[in-house]
A.B. asks: 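Mind looking over this structure? Questions follow.
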Amino acid sequence: MEKKDFEAWLDNISITFLSLTDLQKNETLDHLISLSGAVQLRHLSNNLEILLKRDFLKLLPLELSFYLLKWLDPQTLLTCCLVSKQWNKVISACTEVWQTACKNLGWQIDDSVQDPQHWKKVYLKAILRMKQLKDHEAFETSSLIGHSARVYALYYKDGLLCTGSDDLSAKLWDVSTGQCIYGIQTHTCAAVKFDEQKLVTGSFDNTVACWEWSSGAKTQHFRGHTGAVFSVDYNDELDILVSGSADFTVKVWALSTGTCLNTLTGHTEWVTKVVLQKCKVKSLMHSPGDYILLSADKYEIKIWPIGREINCRCLKTLSVSEDRSISLQPRLHFDGKYIVCSSALGLYQWDFASYDVLRVIKPPDFSNVSLLGFGEIFALLFDNRYLYIMDLRTEKLISRWPLPEYRKSKRGSSFLAGEMSWLNGLNGQNDMGLVFATSMPDHSIHLVLWKEHG
């Protein structure tokens, strides 16, 4: 057929084809395909792939591509990176996608860093750490050996662990190396707290003492309690030390002179915890920057203003049951904004501005679970057998770690959490060092530590 005649024939066929119904068009194509040979079928296949398999990520504006990618889960995104070099380039360039993926895993996000490759690498590191937590492979254990009698008191700060024992000594350990840095002779320690220069101890002999690390000398002795001192806290800026005792009182002392400034009454049980903390929220009773004292016994948490007032009055008393049928676990978290404590009813979180209960978290079989640490993203809990990590956004346990038969203390002084910044979100730098420490029946200290990244 001549070219001119062919073009005229093709125009007529095209007009007729366009007038057919969809069903008739399909039948026409089927008939033409059945008449085609290998050359025609190959031509048809090549052209159909171009017409049907359109790369929308390549064709769409980058902003629309990023918007669509935000709806995919991270695992699907990683799979999409394998489709083509173009897809990998587009997906890897979307900062917001990878930041969101990291945030969903409980990772801290620094919005000032806008390098998408950085956040993709962070996500890959984060997914590995979360898998280790899920598979119970994120931690390792070690022990500190050196005391010859029961260890009643522990305190951790900046990679250093202080232990107070019935052997009339206190030791300061470097957790990373397991080496004892200082060992000084003291009284029987029921509570300890330290800084670079000094150690403050509460004792079963009803007194509080301050010791110098370098010389081991006792620099101050605080006498006045009529029962064992179970908890101490202090602030050098205020020159104040506070102590909670088995005599049901809280005493406020001048740290530098040892003078008793105030005795706070109202507790009807042993005062097992005192916390001196700067307030971070405003309410009718306090302003940001005010120092607040919290004291806790078996049933109540009392909130006090702190200063040198002689007639200091309790601002508020918190409890989980009015009839005292439910007791509080001997651990207390206060960060200046929230108060958190565990009980047989669950984990209670109070708003410090209003004193209202914000929520009660009830994990499975909570009656025996105690609080160790509480953050914005995670909580660290434990019972007689396991250490648990809870995702506070879902209130589900995401990891657990077996614990040995450790020495149990009704006052909660013989176990503690280590580094706690990761509870506000992991960042690839804060998941290292001490997670948990407890004293053991053989007088050693059992440590649970973050395992280094693989």
A.B. asks: Mind checking side chain to side chain donor-acceptor pair (under 3.5 Å) for Thr268 and listing every partner two or more places apart, or none if nothing turns up?
C.D. replies: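 For Thr268 the side chain to side chain donor-acceptor pair (under 3.5 Å) partners, ignoring immediate neighbours, are Arg324.
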
A.B. asks: Holding to side chain to side chain donor-acceptor pair (under 3.5 Å), I want the full list of residues that pass it with Asn235, two or more places apart in sequence or in another chain.
C.D. replies: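 Asn235 satisfies side chain to side chain donor-acceptor pair (under 3.5 Å) with Tyr291 once adjacent residues are dropped.
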
A.B. asks: Tell me, please, which residues at least two apart from Tyr234 pass ring pair (Phe, Tyr, Trp, His ring centres under 6.0 Å).
C.D. replies: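 Listed in chain order: nothing, the list is empty.
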
A.B. asks: Under a 4.0 Å N-O cut-off, is there an ion pair linking Lys198 with Asp236?
C.D. replies: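 Yes, charged N to carboxylate O under 4.0 Å.
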
A.B. asks: Given Trp450, which partner from the list Glu140, Gln132, Arg129 fulfils the side chain to side chain contact (heavy atoms under 4.5 Å, CB included) test?
C.D. replies: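 So, applying the side chain to side chain contact (heavy atoms under 4.5 Å, CB included) to Trp450 and each of Glu140, Gln132, Arg129, only Arg129 qualifies.
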
A.B. asks: Does atom CZ of Phe17 have more than 12 heavy-atom neighbours, drawn from other residues, nucleotides or ligands, at distances under 6.0 Å?
C.D. replies: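 Yes, the 6.0 Å shell around CZ holds more than 12 heavy atoms from other groups.
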
A.B. asks: Please tell me whether Phe436 and Phe382 form a close aromatic pair, meaning their ring centres lie under 6.0 Å apart.
C.D. replies: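 Ring centres of Phe382 and Phe436 closer than 6.0 Å.
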
A.B. asks: Does the structure place the NZ or CZ of Arg400 under 6.0 Å from the centre of the six-membered ring of Tyr386, at an angle of no more than 45° from the ring's axis?
C.D. replies: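 Checked: cation-pi criterion met.
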
A.B. asks: Quick check on the 6.0 Å ring-centre criterion: do Tyr338 and Trp350 meet it?
C.D. replies: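 No; Trp350 has its ring centre 6.0 Å or more from that of Tyr338.
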
A.B. asks: So which pairs with a foot in residues 269-287 pass salt bridge (charged side-chain N to carboxylate O under 4.0 Å, His left out), sequence neighbours left out?
C.D. replies: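 Listed by first then second residue: nothing to list.
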
A.B. asks: Any salt bridge between Glu300 and Lys302, counting N to O under 4.0 Å?
C.D. replies: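 Salt bridge between Glu300 and Lys302, a charged N being under 4.0 Å from a carboxylate O: yes.
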
A.B. asks: Tabulate below the donor-acceptor pairs under 3.5 Å that side-chain atoms of residues 418-425 make, not counting sequence neighbours, or state none.
C.D. replies:
unit_1, atom_1, unit_2, atom_2, d
Glu419, OE2, Tyr156, OH, 2.5
Trp422, NE1, Glu419, O, 2.9
Asn424, OD1, Glu376, N, 2.9

A.B. asks: Residues two or more places apart in sequence or in another chain: which of them pass side chain to side chain donor-acceptor pair (under 3.5 Å) with Tyr355?
C.D. replies: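 Tyr355 satisfies side chain to side chain donor-acceptor pair (under 3.5 Å) with His286 once adjacent residues are dropped.
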
A.B. asks: Between Lys337 and Asp335, does any NZ, NE, NH1 or NH2 come within less than 4.0 Å of an OD or OE carboxylate oxygen?
C.D. replies: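 So Asp335 does not pair with Lys337 through a salt bridge.
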
